[in-house]
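Notes for the one structure printed next.
Residue numbers count from 1 along this sequence. All values derive from a computational prediction rather than experimental measurement.
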Amino acid sequence: MVDTAVAPPSLRALLARRDLHLRLVTGEDELSPGSIDRPVRWVHSSDLVDPTPFLSEGLVLLTTGTQFVDTADYTAYVDRLVARGVRALGFGTEVVRDGIPAGLAAACLTAGMPLFEVPYRTPFIAVARAGAEAIAADAYARRSWSLAAQRAVSLAALRPDGLTATLVELSRQLDCWVGLFDAAGALRTAYPAGSLATPAVDAVTTEVTTMLRRGTRAASSLRVAGSAVSLQTLGRGGHLRGALAIAADDLDHEARSVVTAVVAMAALALEQQDGLSRAIGTFRAGLVQSLGTDDPTLARRASRDLFGPLPSAPVLVALTPGASSRSAALGEWLEMRAQEGRGEMFFGRGDDGLVIVVTTAGRALLDEIADRFEIVVGCSAPTGYDAFSSALAQARTARERLSAPGVADFADTARAGLLAALGSEAARSVAAGALTPLRAHDEAQGSALLETLDAWLAHDCSHEATAQALGIHRHTVRARIGQAERVLGRDLSSFAARAEIWTALRLAE
């Protein structure tokens with residue numbers, strides 16, 4: 001946190017008050033580091049043998065030792081205080097007994113409990129009042145800091161690079177690492193750069209990606225590299241714009257107020273960029289339509305200044321699904337990648353999905369897209385821009401052939417044959433309908449017309465070969481084929497009729 005002029009309430013602050021004349025009994029070097037600097041929430045006094053049921057965590061406890069007249073179990077007493085979270089123990093001397101019992105001092109040293117002397121001339125109420133004043137002063141200082149920090153952040157937002165300046169100012173005010181992630185879950189900017197180790201950044205990125213994939217506004221936290229990282233999505237549900245990550249331990253109410261202000265400003269700044277993003281997206285879509293004419297002249301000229309040169313031919317043309325819950329995030333991620341590698345990739349919205357153009361050497365980018373966004377990406381064979389429309393059709397055909405996320409290459413679709421390309425749900429439904437009369441007849445009559453017809457077509461319509469394959473007489477085969485023609489209501493003597501039934505049989509498998 002940014003330093004303030006007021007020392008936070010702690011045992012060290014109480015010991016520094018010369019008017020109280022307090023004295024630390026156990027040496028600071030004998031205590032755990034930071035023991036006397038831990039924040040104090042209140043100062044309370046009690047002479048009960050076990051005051052812990054009436055105490056809260058973070059207190060400094062004062063006692064005169066009356067409870068030790070009949071008992072000397074100092075170890076049990078101190079252990080109870082430590083377990084309750086008492087920060088320190090103050091012993092009022094010359095009230096009930098002279099000095100501090102040696103057993104109590106030894107028990108405090110063993111337990112790591114700071115022990116200090118409150119002399120007779122210093123009333124407990126004075127120590128309690130000093131603690132309350134320090135707590136009030138610290139609270140006022142924190143509120144003043146919060147207002148000043150929010151003002152500094154607001155002024156930063158007015159700069160030309162408002163979003164960047166806001167994040168830098170937030171990092172400075174909280175004295176911590178701040179990272180902004182885009183809608184795809186990629187780290188966009190971070191301040192101070194390099195202050196968070198790469199493994200820690202990777203862990204934060206994984207958590208951010210998980211949050212963004214849910215698509216709803218959310219906050220989360222995790223511990224990486226020994227530090228707490230707070231995460232907050234940006235944007236509205238169903239249209240998340242990214243996430244803000246802050247690596248800082250124990251953000252108090254005032255610090256969280258500053259963070260809340262920055263989250264609102266960042267979300268607003270990202271939303272304001274939507275207008276420009278839509279205009280650029282429309283321009284890109286126009287260039288895709290121009291490429292679809294198989295004449296790249298206009299697209300080359302229009303793209304050169306704004307996006308850089310088009311990827312060098314031969315290229316791969318890819319197509320994403322037309323509807324995707326993360327299409328906006330994919331568009332932003334592609335925009336960032338296009339800026340990083342000008343001339344290596346071009347993209348724009350087509351009629352039924354995002355069209356992506358990469359060099360043949362950039363094929364790995366398509367795999368990364370399919371994996372990161374869990375979508376199917378259809379990919380054409382290598383082509384020149386003079387055959388762009390055909391390549392786009394290839395990408396569309398390949399995309400429709402794959403159901404699980406991944407890259408579908410047209411070359412694989414072509415090797416699978418024409419029937420594989422026809423194997424849509426609609427085609428299979430038509431095929432099943434064409435064979436329904438035969439199936440119904442076989443079920444009702446206990447015949448084997450469908451099996452016989454399939455074997456007959458597989459054996460080049462030879463009655464003899466079919467009979468041998470099925471183990472029946474060739475006249476039986478002839479009779480069954482004739483019966484199948486009557487059931488189907490079509491003549492199977494022509495090649496066209498036989499090809500149609502054979503195709504239906506293959507699609508219905």
Side-chain angles (χ1 to χ4, degrees), residues 316-319 321-322 352-353 370 375-383 387 389-509:
L316 300 174
V317 179
L319 187 64
D352 58 344
I375 58 175
V376 175
V377 179
C379 179
S380 74
T383 185
S389 60
S390 297
L392 184 57
Q394 291 179 1
R396 183 177 294 108
T397 300
R399 183 193 64 183
E400 300 306 320
R401 288 294 302 146
L402 195 64
S403 57
V407 177
D409 286 294
F410 179 75
D412 295 334
T413 300
R415 281 193 293 269
L418 181 59
L419 282 181
L422 296 176
S424 65
E425 194 62 36
R428 285 189 289 271
S429 178
V430 171
L435 299 175
T436 295
L438 289 177
R439 294 186 190 279
H441 185 278
D442 284 345
E443 291 176 1
Q445 304 297 326
S447 58
L449 298 184
L450 195 63
E451 178 189 9
T452 304
L453 183 58
D454 193 9
W456 182 64
L457 292 171
H459 289 83
D460 299 326
C461 303
S462 168
H463 296 85
E464 186 70 33
T466 303
Q468 291 180 2
L470 297 178
I472 58 178
H473 197 277
R474 67 179 181 275
H475 293 316
T476 303
V477 173
R478 189 184 302 276
R480 289 181 181 179
I481 297 302
Q483 181 65 31
E485 288 180 316
R486 289 188 292 275
V487 170
L488 291 172
R490 65 176 64 191
D491 182 5
L492 297 178
S493 61
S494 67
F495 170 79
R498 294 174 180 178
E500 185 172 346
I501 294 300
W502 181 83
T503 302
L505 286 166
R506 300 288 75 77
L507 290 176
E509 288 180 344

Worksheet entry | Basic-acidic side-chain contact under 4.0 Å: Asp409, Arg399 | no

Please tabulate, for side-chain N and O atoms in residues 444-451, each donor-acceptor pair with protein atoms closer than 3.5 Å (sequence neighbours left out).
from, atom 1, to, atom 2, distance (Å)
Ser447, OG, His441, ND1, 3.1
Ser447, OG, Asp442, OD1, 2.6

Worksheet item: For Ala370, which residues count as a side-chain contact (heavy atoms from CB on, under 4.5 Å) partner, sequence neighbours excluded?
Response: Val377, Val407

Worksheet item: Only one of Thr397, Thr383, Leu319 clears side-chain contact (heavy atoms from CB on, under 4.5 Å) with Leu392; which?
Response: Leu319

Item to complete: Hey, could you give me each pair passing side chain to side chain donor-acceptor pair (under 3.5 Å) that has a residue in residues 486-500? Not counting sequence neighbours.
Response: Gln483-Arg486, Asp491-Ser493

Practice prompt. Give, for atom OG1 of Thr476 and atom NE2 of His463, the distance between the pair rounded to the nearest 0.5 Å.
Written response: 11.0 Å

Worksheet item: According to the salt bridge (Lys or Arg N to Asp or Glu O under 4.0 Å) rule, which pairs have a member within residues 464-484, sequence neighbours left out?
Response: Glu464-Arg474

Discussion item. Given 3.5 Å as the limit, does a donor-acceptor pair link the side chain of Gln394 with the main chain of Cys379, or not?
Written reply: no

Worksheet, complete the sentence: Residue set satisfying side-chain contact (heavy atoms from CB on, under 4.5 Å) with Ala465, at least two apart, ordered chain then number -> His459, Ser462

Worksheet item: Are Ile501 and Asp454 side-chain neighbours, meaning at least one heavy-atom pair lies under 4.5 Å?
Response: no

Item to complete: Return the set of residues passing side-chain contact (heavy atoms from CB on, under 4.5 Å) with Pro382 (not counting sequence neighbours), or none when no residue passes.
Response: Pro314, Leu316, Thr360

Worksheet item: Does the pair Leu457 and Thr466 meet the rule for a side-chain contact (heavy atoms from CB on, under 4.5 Å), with working shown?
Response: CA-CA 9 Å; Leu457 292 171; Thr466 303; over 6 Å; no

